[in-house]
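Report on one structure; see the data block that follows.
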Amino acid sequence: MESSSLSLQANLINRLNHGVLLLDDQLNIVTANHWFLSRLKNPVDAQIGKPLTELGIEKSSRCYGACSDSIDLGLASLLSNSFHPHPLPLFTKNQSGTQKIIIQQELTISPLTEADQRYCLIEINDVSREIGREEVLREKAADLAQARDIAEHTNRLKSDFLANMSHEIRTPMNGILGMTSLLMDSPLTKQQFKQSQTIKSSGEFLLSIINDILDFSKIEAGKLELEIIDFEFGTLLEEVADLLAYRAYEKKLELICPSGVIEGQWYRGDAGRIRQILTNLVSNAIKFTEKGEVKVCFFPPDDEPLSADLHQPRTVNLTVTDTGIGLNEDQQKGLFERFSQADSSTSRQFGGTGLGLSISKQLVEQMGGQISATSVFGEGSTFSFSLQLEPAETCLVAPTMDHLNDQHILVVDDSKASQKLLEQSLQRWDIDHQIVSSGPQALQALYDGVANSNPFTIVLIDSDMPGMSGLSLGRSVRDDPQLSDSRLVLMMPRGRRGSSLKRDKAKFNGFLSKPIQQAELGETLINVAQIDASDTQFAQQTQIAERPQFHARALVVEDNITNQMVAKGMLQRFGIDVEVAGNGAEAVSTLKQFPFDLVLMDCQMPVMDGYEATSTIRCPESGVLDPEVPIIALTANAMSDDRQHCIDAGMNDYITKPIDPSTLLKRLERWLPAHCSAPPPEPQEPPSANTVTTDTPANKIAESPNKAMSANPPNRNPGDLQTNATPPTDSSEPTDSPSNQPPPETTAVNAEVFDHSGMAARLLNDDELIRTVATTFLNDMDEQISSLKALLETNEVDQCQAQAHKIKGAAANVGGLALSQIALELEQASQQHDLQLIKSQFPELEQCFGQLKTEMNKRLF
């Protein structure tokens, strides 16, 4: 029975479809099944009882070591084909039975104990077929990858070619359009002018097609990048309206853009691409609308004002609605696909590539939004899109119109959308008003106003109304003695011309272009109401004659000589005596010797920066005369984290560079002690004729004997010091103006070379100060750029960052926007330790400075 059982077991082992090999504790072969023995190179009967090494397995091999570990340590092992493709010398024959082919194997080695005797069991699997399949799959994957790379490369070549060709075509097209415009301005016959006009309109249409192809090729090639800057939506929509108003007028359409008052909606995003989307949609709406109106609506997030949570994207929504031909359901399906239009007849009738909506869709999606369309055939369409945008860090406060509160205004306009916009504007400015839809209604309202002893002082009249036109209504009002005191403003489409208007121009006190723009509306009402513009917020608020004067002493801590002069000049024009320190260590030393009412502290300086200097000053053991002296940070960074860093260091407040005069004035009013605003006491004796007037602290004190000389700090209200806290807010204080902000995130190529008006505003329009600062800047900047070049030659990247930062701030203060921008890019490259990028951009820095020097010499000297 036992013999029969063993025979059965041997038959079972021999029928297995994988190899079995049993070794004793000396690694001699005890038994092996038929699968294994049949794949050996030597005769079958010669192997039983032989040591494992007889199979050609060396003792140094991984297979022999694994078998030893199984006997000695009881460890199991798996010899995978991936690492040990031929652990045993096993072969298989081909179909003809002649050629031996080594097989790919996977071994499982495990210990086995029987009656205190240790064995090693080896199980062998033939994985040659699986390996073959894997190789085939790898080959196919490699072929597919190669085919994909070829396709992508071909597509890139196609897109690059398309982009290059578009650029090449745009250059001569711009020349054609420019020369045609010059030709049209020259003396031409009526027929020649008409022919030139046809050339120009055809060229503009061709250029629009080229622009679409260029943008599409950029998107396809993955080369379209967004340019992130701060912008305000109301202004952006008004710019779109300006661009397309004449097209709407030519078709006698009412363009309302925006449809409501947009106030304080400041965001960070690519304003140019958003403008492109809107221009595309509005242009399409005008193209496919024969009568009625085109309206653009803006919807802020949840119809709520922006919160102070910076960097948190908000969803804004816009719609473009028209009363045009509309689309049926089939036409709407492929609307946003490339080279797609509603149908071929549409393409023939209205023209276009069918790329505009596809480009708009991809731009919207790149900005985290979605775009869609709804339409009723024959009634019109609405295109809606959303965008994910971060709030801008700062925004301008819209001016109030308090000087118009005593006006009584009548609006005459048949457009409901236009009525709504004007009503929102007048309500926002708290102006008494009434709205009517026609000329007869307007006349009745005017008579009622006179009868009720509340006549209308200003009448806003739409030029194009059914029945009685705006011109006819104006004549009727002006010719009636009861109504002739009312001042008339004619609202008409932008670009309108005509002999009838020239004849009736004397009957109107003012003209207002449609679509209505808020600033233009406010300025027109002020002019027509004959209000002195100097009394309004449209006037400059820092007139020299009315500039407040402070009787105080301030220390400016700044390492850049141009920035020193700007800060010093501005403070002196507010009546403040100024001393200058070149770094934090000098500031601490000066404050130990002389009293000051205020310190303006730059943050990034050599030797000792502003943060360390402030911490030292605040320390009671520092030895300074007044550890609580108000310190205002001067920082080129406007991020909330940077501002908090200033406060945490012990500073009371901050001003972003370049310095804005109105912001500086607010800080002076907030932080200077009360006695600084009072007239100074009479000096006890006149200064000596031999008084030295250099800028050293000691000489300045000798120069002004009336200034406080005591070591005791000046009296200051308790709680003025705001260390480790956010500076107090002032609801009446306007936010920092653009001149007080770092240059927008734009390229040096399109940044302005010399912002003369910005520099003049920062230096309070003082021509002498402007020229002095400019001279100092130009002389100093040569040295600064030479220093940066020397640092690049010695590969000192860390010092390059500080030097680029210094150049950036000085250039921004004098209105060198392009130079400041390229310096910013160099500073950022230095932060990344990208020396190659810095060196490649340095020639552009030198070029920008050369251009700035030329412009400053031209404008200032």
Side-chain angles (χ1 to χ4, degrees), residues 226-241 243-244 254-286 288-289 293-324 326-327 332 335-336 356-376 379-392 395 398 416-418 420-421 423-425 428 515-518:
L226 299 180
E227 179 187 359
I228 307 302
I229 61 172
D230 288 353
F231 71 96
E232 197 267 327
F233 252 112
T235 302
L236 187 148
L237 291 176
E238 289 177 351
E239 290 172 352
V240 173
L243 180 65
L244 299 174
E254 184 87 17
L255 174 60
I256 304 99
C257 180
S259 64
V261 174
I262 301 175
E263 182 178 356
Q265 294 295 327
W266 286 81
Y267 294 87
R268 287 181 60 76
D270 193 328
R273 292 300 178 182
I274 297 173
R275 189 183 297 110
Q276 179 181 355
I277 296 167
L278 284 166
T279 301
N280 191 353
L281 296 180
V282 175
S283 180
N284 274 351
I286 294 173
F288 297 113
T289 303
E293 66 182 24
V294 175
K295 180 172 63 175
V296 180
C297 299
F298 171 83
F299 303 96
D302 301 325
D303 294 326
E304 295 291 336
L306 291 177
S307 69
D309 183 13
L310 297 179
H311 312 300
Q312 181 62 41
R314 309 288 300 277
T315 302
V316 300
N317 295 278
L318 295 101
T319 62
V320 178
T321 304
D322 63 63
T323 56
L327 301 165
Q332 294 179 47
L335 200 56
F336 295 100
L357 291 178
S358 174
I359 292 171
S360 297
K361 179 176 184 292
Q362 293 183 70
L363 289 175
V364 167
E365 291 175 348
Q366 193 165 347
M367 287 183 266
Q370 295 181 330
I371 189 170
S372 61
T374 58
S375 182
V376 177
E379 296 183 11
S381 305
T382 296
F383 285 80
S384 306
F385 66 96
S386 63
L387 300 171
Q388 291 287 325
L389 301 173
E390 292 182 4
C395 63
K416 297 298 182 184
S418 184
K420 180 181 177 182
L421 175 61
E423 183 173 24
Q424 288 180 0
S425 301
R428 179 168 64 97
I516 302 295
Q517 295 186 359
Q518 295 300 298

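Values below: every heavy atom of this structure, side chains too, minus hydrogens, waters and symmetry copies.
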Is there a side chain to side chain contact (heavy atoms under 4.5 Å, CB included) between F231 and L389? Walk through the geometry before answering. CA-CA 11 Å; F231 71 96; L389 301 173; 4.1 Å; yes

Determine whether R273 and Q366 satisfy the following criterion, side chain to side chain contact (heavy atoms under 4.5 Å, CB included), listing intermediate values before the conclusion. CA-CA 10 Å; R273 292 300 178 182; Q366 193 165 347; over 6 Å; no

Before you tell me yes or no, could you show the steps for L237 and L318 under side chain to side chain contact (heavy atoms under 4.5 Å, CB included), namely the whole-Å CA-CA distance, both residues' side-chain angles and the distance that decides it to 0.1 Å? CA-CA 10 Å; L237 291 176; L318 295 101; 4.1 Å; yes

Walk me through whether Q388 and T315 qualify under side chain to side chain contact (heavy atoms under 4.5 Å, CB included). CA-CA 5 Å; Q388 291 287 325; T315 302; 2.4 Å; yes

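The CG atom of L244 sits 8.0 Å away from atom SG of C257, with the distance rounded to the nearest 0.5 Å. Here the CD atom belonging to E293 is positioned 6.0 Å from the OG1 atom belonging to T323, to the nearest 0.5 angstrom. Atom-to-atom distance recorded for I256:CD1 and K295:NZ is 7.0 Å, nearest 0.5 angstrom. Note that CG of L357 is 6.5 Å distant from CD1 of I371, once rounded to the nearest 0.5 Å. In this structure, CD1 on I286 lies 9.5 Å from CG on D322, to the nearest 0.5 angstrom.
By the 4.5 Å heavy-atom criterion applied to side chains, V282 and L255 are counted as neighbours. At least one side-chain heavy atom of T319 sits under 4.5 Å from a side-chain heavy atom of F299. Put simply, the side chain of T235 does not reach to within 4.5 Å of the side chain of I262, judged on heavy atoms. When side chains are defined from C-beta on, V296 does not count as touching V240, because their heavy atoms never get closer than 4.5 Å. Between Q370 and S372, every side-chain heavy-atom pair lies at or beyond the 4.5 Å cut-off. Contact check for K420 versus S259: no side-chain heavy atoms found under the 4.5 Å cut-off. Between M367 and I277, the closest side-chain pair of non-hydrogen atoms falls below 4.5 Å.
Looking only at distances, no side-chain donor or acceptor of T382 sits under 3.5 Å from a matching main-chain atom of T374. At least one donor-acceptor pair closer than 3.5 Å links the side chain of Q424 to the backbone N or O of V261. Using modelled atom types, no side-chain atom of Q518 and backbone atom of E238 make a donor-acceptor pair closer than 3.5 Å.
Between L327 and S375, the shortest heavy-atom contact is N-OG, 2.7 Å. For the residue pair P391 and R314, the shortest heavy atom distance occurs at CG-CG, 4.0 Å.
Between F233 and Y267, the ring planes lie perpendicular to each other; the angle is over 60°, past the 30° to 60° tilted range.
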